[in-house]
2 protein chains.
Amino acid sequence: MRVVKKADERRNEILDAADELFGQKGFDGTSTNDILERVGIARGTLYHHFKSKEDIMDALIERYNVRLLGAAQEIAADKSIPVVERIIRVVMALNISGESSSKEIMEHIHKPQNALMHQKIQRVIINGVTPILTGIIREGIEQGLFSTPFPYECMEMVVTYANTVFDDDIVTMTNEERGSRILAFVCNVERLLGAESGSLMDAMQMFGRGDGSSYE
Amino acid sequence: MRVVKKADERRNEILDAADELFGQKGFDGTSTNDILERVGIARGTLYHHFKSKEDIMDALIERYNVRLLGAAQEIAADKSIPVVERIIRVVMALNISGESSSKEIMEHIHKPQNALMHQKIQRVIINGVTPILTGIIREGIEQGLFSTPFPYECMEMVVTYANTVFDDDIVTMTNEERGSRILAFVCNVERLLGAESGSLMDAMQMFGRGDGSSYE
DNA sequence: TTCAACCGACCGACTGCCTGTCGGTAATAC
DNA sequence: GTATTACCGACAGGCAGTCGGTCGGTTGAA
């Protein structure tokens, strides 16, 4: 049976299927046949819309990236929110939009099969999130909250670390270890930014629930 | 023609070939046939010694890991070397032994094809190097050089960042950017460790060549 | 010293799967 | 009515891993 749809619609159908399948079985573990079957199209159709399997992954990451950074950017630009609160909200948005916009992608990245996808997303996050946060930090410096000659490099370090250690399973942790890791992390960020000791910690406990279990 | 060798010897021949080929063409880009051809053995022989292609990679990383961390550990344990100097020497050893012990592996990890290998090595480095450096930091704390309640977490952050930003091509940089990135990095490390401002920077310029082009 | 049994190293044809291609067909737009 | 665009599915080429069988060195008994 032959069903014709608009290119955009088909493209998104394929991406939705790939999103779910890559999440469940990983990129390498998912064959193009799996995708064809789920969408209900023929091989040729898939390769009409995407030039390769990897191209599908790149499109998936791009789609994800736009949604994720868009939400974060919006909050970051709202100068009516105090600096520290805004930082926390941006970080929270990065988690939440990760859940809602892309059904499975963030939850299943951590499987070892998905190394390539993970690396690509890491690149997007580090190079996308860092400038957004740096902008807020600069405001904080003007207001005398922070003090560092290297706001960008600081945030790059913070984002890289959080993204690797808290998101990945590169470092395996018990829940307890995780808690103390987060405590240490916040203190270290305060030092890097030259913030008053405890200033970030206090704000965090006001907003995020104290356990911080889903941080970044 | 049939040549019989001891299992260990064959195993290492295969690993040497894989080392070079993975370095040149990446893991995915190297077929088992490539390896067979270079070693001069049949398919069955390869699978007599290794249970899968990924098993070869794991063995390669293990071999690399032992050599790399062994060298670093040795230096770290030498308490006759002053703390700051020892840190720099350990970091240098991580670079140098990367060149000498494993011909190609470190130079070619950065190709996108090698994401899985890279992730595995990253895990090994973060979980292996951090405790070694933390030991030295603890000595530094006792001597009053550093001051932090979280030496392990500090070093985890430092190692993770350096390994991601300076080793990978996740962040693309010009040489100039690289230099300023290193400058900022050293200052940030001083802050994290609670070291006197400039104390690490000075030591670095004494030892490593000032440009620090091959740092970590 | 000889011989036979054994075992681990080795072989290569084969299977099944996978990605990407291509010539052709049907539906839609103009 | 024609051009474009979405769609189809058979096919080619290459891949990892399997398996039944072969060969050579070693060991121990005759």
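We name chains A, B, ... by the order of the sequence lines, and we start the count at 1 in each one.
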Rounded to the nearest angstrom, tell me the gap between atom [atom1] in [X] and atom [atom2] in [N].
X	N	atom1	atom2	value
Asp28(A)	dA16(D)	CG	P	12 Å
His48(A)	dC8(D)	NE2	P	11 Å
Lys6(B)	dC7(C)	NZ	P	19 Å
Ile14(A)	dG20(C)	CD1	P	14 Å
Leu21(A)	dT19(C)	CG	P	12 Å

When you compare the side chain of Leu15(B) with that of Asn12(B), does any pair of heavy atoms fall below 4.5 Å? yes

Proximal nucleotide (of [options]) relative to the [X] side chain:
X	options	answer
Ser52(B)	dA6(D), dG17(D), dG20(C)	dG17(D)
Val4(A)	dT28(C), dC18(C), dC15(D)	dT28(C)
Ala42(B)	dC11(C), dT21(C), dC14(C)	dC11(C)
Arg43(B)	dA13(C), dC7(D), dC11(D)	dA13(C)
Ser31(B)	dC15(D), dC18(C), dC8(D)	dC15(D)
Lys53(B)	dG17(D), dC7(D), dC15(D)	dG17(D)
Arg2(B)	dC18(C), dA16(D), dA9(C)	dA9(C)

Taking only Lys NZ, Arg NE, NH1 and NH2, and the carboxylate oxygens of Asp or Glu, determine whether Lys51(B) and Asp58(B) approach each other closer than 4.0 Å. no

Arg86(B) and Asp78(B) ion-paired at < 4.0 Å: no

Under 4.0 Å from OP1 or OP2 of dC11(C): is there any side-chain N or O of Thr45(B) that close? yes

For Lys5(A), which contact category applies under a 4.0 Å heavy-atom criterion: base, sugar-phosphate, or nothing? sugar-phosphate

Categorize Leu46(B) for me: base, sugar-phosphate, or nothing, with a 4.0 angstrom heavy-atom threshold over every strand shown. nothing

Closest non-hydrogen atoms of Leu192(B) and Arg191(A), given as atom of the first, atom of the second and distance, are O-NH1, 2.7 Å

